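Below you'll find the structure, written out as structure tokens, and then a few comments.
Heavy atoms only: backbone and side chains are in, while hydrogens, waters and symmetry mates are out. Throughout, a chain's letter reflects where its sequence line sits, starting with A, and its residues are numbered from 1. Quick caveat: nothing in here was measured; it's all calculated off a predicted structure.
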There are 2 protein chains.
Amino acid sequence: MKIEQNTSEQNILAAARKVFVLKGFDGARMQEIADEAGINKALLHYYFRNKEKLFEAIFQPAFRKLFANINELVESDKPLLEKISLFIDNYIDVLSQNPDLPGFIAHEINRNPDRIYSLLFDGSFSPAKLIIQFSEEIAKGNIRPIAPQHLMVNLIAVCIFPFIARPMLSKIIFQGDQLMLDQFMQERKQEIKQFVIHAITK
Amino acid sequence: MKIEQNTSEQNILAAARKVFVLKGFDGARMQEIADEAGINKALLHYYFRNKEKLFEAIFQPAFRKLFANINELVESDKPLLEKISLFIDNYIDVLSQNPDLPGFIAHEINRNPDRIYSLLFDGSFSPAKLIIQFSEEIAKGNIRPIAPQHLMVNLIAVCIFPFIARPMLSKIIFQGDQLMLDQFMQERKQEIKQFVIHAITK
DNA sequence: GTCTATATTGTGATAGAC
DNA sequence: GTCTATCACAATATAGAC
């Protein structure tokens, strides 16, 4: 049984993840990461050689894991409505644990697509199966005719967008009231399910 | 009648806007802006003193204009369904002209909220009237009971999210096929309207 | 492994000629 | 107004002692 140790390497990884997600690759400072990890700047280079490699060391496994979870669900053989419900639950849960992640990923992909794509995809992930399932249910007349890609994008949008726009929502809709925003985020699982179900049933 | 001139100042503003939106404030380089504008780096400082002020000079009027348009529509006295339809048309049109703007704004707000808030809000903008209108229609039984804030956020989400996530959608859903993505974006106005109407009517 | 000190390069900003 | 040259400092990265 291995005892959990706060090794320098682990401290660095945790600190770097925090700073990168908060500031973005360009805004992140090696000095700040070192301070956050409680070690010296030189040690970052000892463990990870340079900023780029440190970035990859964190987000390669993180992204893969994120997409693997979603992928497993999408590829499963569950009925459509159950799958949608689980999809929403899964997304909201994961993002609630990592609320800054969507905005971070969105920005980094725009900023440097190649760097992120090489980390994100091992080629396995694709929502194709879910899109096909939409088509089948439409053909069977179980849901109203709707372009599957648009449904897919709308579903992802209502899940992810509130996290990306959280600071703006807080300001514009809730006048900075943190409690109201928290409660709003809690309610969303149920609200999204109702919204999507109504949108796709006849 | 004033003849349109490509003055250096105008060139700088256009170049800076392009580079800032593409790279973000942290990623933008004064040198790159100068090159893009076809002038020297020193001239940037001659006209705008520093990077921060250059940033503000561009985005203060741009943001104000963006929100003023939306605000005018939201505050108008049109019937709800017509207002939603126009809201979607307006958003998609503006964003189609500035596809990188949503991601840029989202990132800059997270990165440095104060800098952006002072540019974005003169205090006048608020979707309160639209939210109240939702409540009234629910009370009258014209649309199904739905938390107005969630409806508001869902409406904005399906409009804006595809722009923020465009590079990812292009890769994951359309396998990089630019033509299919373009067509998809064209269709969205109609698709979103159908989607939202179905989601809110009984 | 961890540190201090330093090298090296990048980047915003200024001085001053024209 | 526009340029070249340069400064000052910030940031990544390395050298070398312990």
Side-chain angles (χ1 to χ4, degrees), chain A residues 2-60 104 107-108 110-112 114-116 118-119, chain B residues 2-60 104 107-108 110-112 114-116 118-119:
Chain A
K2 213 170 94 187
I3 296 169
E4 268 308 316
Q5 298 229 11
N6 264 17
T7 68
S8 284
E9 188 168 1
Q10 288 169 337
N11 286 341
I12 291 172
L13 286 171
R17 186 194 161 95
K18 182 175 170 183
V19 175
F20 274 133
V21 168
L22 224 57
K23 307 286 180 81
F25 184 87
D26 291 323
R29 295 289 161 254
M30 297 296 267
Q31 182 63 61
E32 190 178 354
I33 294 172
D35 292 346
E36 181 78 30
I39 51 92
N40 191 277
K41 219 175 28 163
L43 215 53
L44 298 179
H45 295 276
Y46 172 78
Y47 280 108
F48 299 98
R49 231 178 86 82
N50 60 36
K51 191 180 179 182
E52 193 86 27
K53 285 200 169 42
L54 174 56
F55 185 90
E56 289 171 10
I58 300 160
F59 294 107
Q60 176 124 10
F104 167 77
H107 176 253
E108 294 301 328
N110 279 285
R111 181 72 185 85
N112 193 336
D114 294 335
R115 172 161 59 213
I116 303 299
S118 65
L119 302 182
Chain B
K2 213 171 95 188
I3 295 170
E4 268 306 321
Q5 297 229 13
N6 265 18
T7 68
S8 284
E9 190 167 2
Q10 289 169 335
N11 285 340
I12 291 171
L13 286 170
R17 185 193 162 96
K18 181 174 169 183
V19 174
F20 275 132
V21 168
L22 225 55
K23 307 286 179 77
F25 184 87
D26 290 324
R29 294 289 161 252
M30 296 296 267
Q31 183 63 60
E32 189 178 354
I33 294 173
D35 292 346
E36 181 76 29
I39 51 92
N40 191 278
K41 216 175 29 161
L43 215 53
L44 297 179
H45 293 93
Y46 172 78
Y47 278 108
F48 298 98
R49 231 176 81 84
N50 60 36
K51 191 179 179 182
E52 194 88 25
K53 287 203 168 37
L54 174 56
F55 185 90
E56 289 169 10
I58 298 160
F59 294 107
Q60 174 124 9
F104 167 75
H107 175 253
E108 294 301 329
N110 280 284
R111 181 73 185 83
N112 192 337
D114 294 333
R115 174 162 55 214
I116 303 299
S118 65
L119 302 184

Between [atom2] on [N] and [atom1] on [X], what's the gap in Å once rounded to a whole number?
X: A/I12; N: C/dC3; atom1: CD1; atom2: C1'; answer: 13 Å
X: A/D26; N: C/dG12; atom1: CG; atom2: C1'; answer: 16 Å
X: A/R49; N: D/dA15; atom1: CZ; atom2: C1'; answer: 15 Å
X: B/K41; N: D/dA5; atom1: NZ; atom2: C1'; answer: 11 Å
X: A/E32; N: D/dT12; atom1: CD; atom2: P; answer: 10 Å
X: A/Q31; N: C/dC3; atom1: CD; atom2: P; answer: 12 Å
X: A/K53; N: D/dA13; atom1: NZ; atom2: C1'; answer: 13 Å
X: A/L43; N: C/dT4; atom1: CG; atom2: C1'; answer: 13 Å

### Message
Looking at every non-hydrogen atom in both residues, tell me the closest pair between B/F25 and B/E108 and how far apart they are.
### Response
N-OE2, 2.8 Å

### Query
Do you know the tightest heavy-atom contact between A/A37 and A/N11?
CB-O, 3.7 Å

### Task
Please work out if B/A28 contacts a base, only the sugar-phosphate, or nothing of the nucleic acid, heavy-atom cut-off 4.0 Å.
sugar-phosphate

Are any of [X]'s side-chain N or O atoms less than 4.0 Å away from OP1 or OP2 of [N]?
X: B/R29; N: C/dG12; result: yes
X: B/H45; N: C/dT14; result: no
X: B/Y46; N: D/dT2; result: no

### Query
Are A/F20 and A/I33 close enough that some pair of their side-chain heavy atoms sits under 4.5 Å apart?
yes

### Message
I'd like to check B/K23 versus B/E32 (side-chain heavy atoms, cut-off strictly below 4.5 Å). Are they in contact?
### Response
yes

State which of [options] makes the closest approach to the side chain of [X].
X: B/Y47; options: C/dG12, D/dT2, C/dC3; answer: D/dT2
X: A/K51; options: C/dC3, C/dA13, D/dT12; answer: D/dT12
X: A/A42; options: C/dT2, D/dT2, D/dT14; answer: D/dT14
X: B/M30; options: D/dA13, C/dG12, C/dT2; answer: C/dG12

### Query
Regarding A/R115 and the six-membered ring of A/F55, is the cationic atom NZ or CZ under 6.0 Å from the ring centre and inside 45° of its axis?
yes

### Task
Please tell me which of B/N40 and A/E52 maps to the more 5' nucleotide of DNA chain D, matching each residue to the nucleotide holding its nearest heavy atom.
B/N40

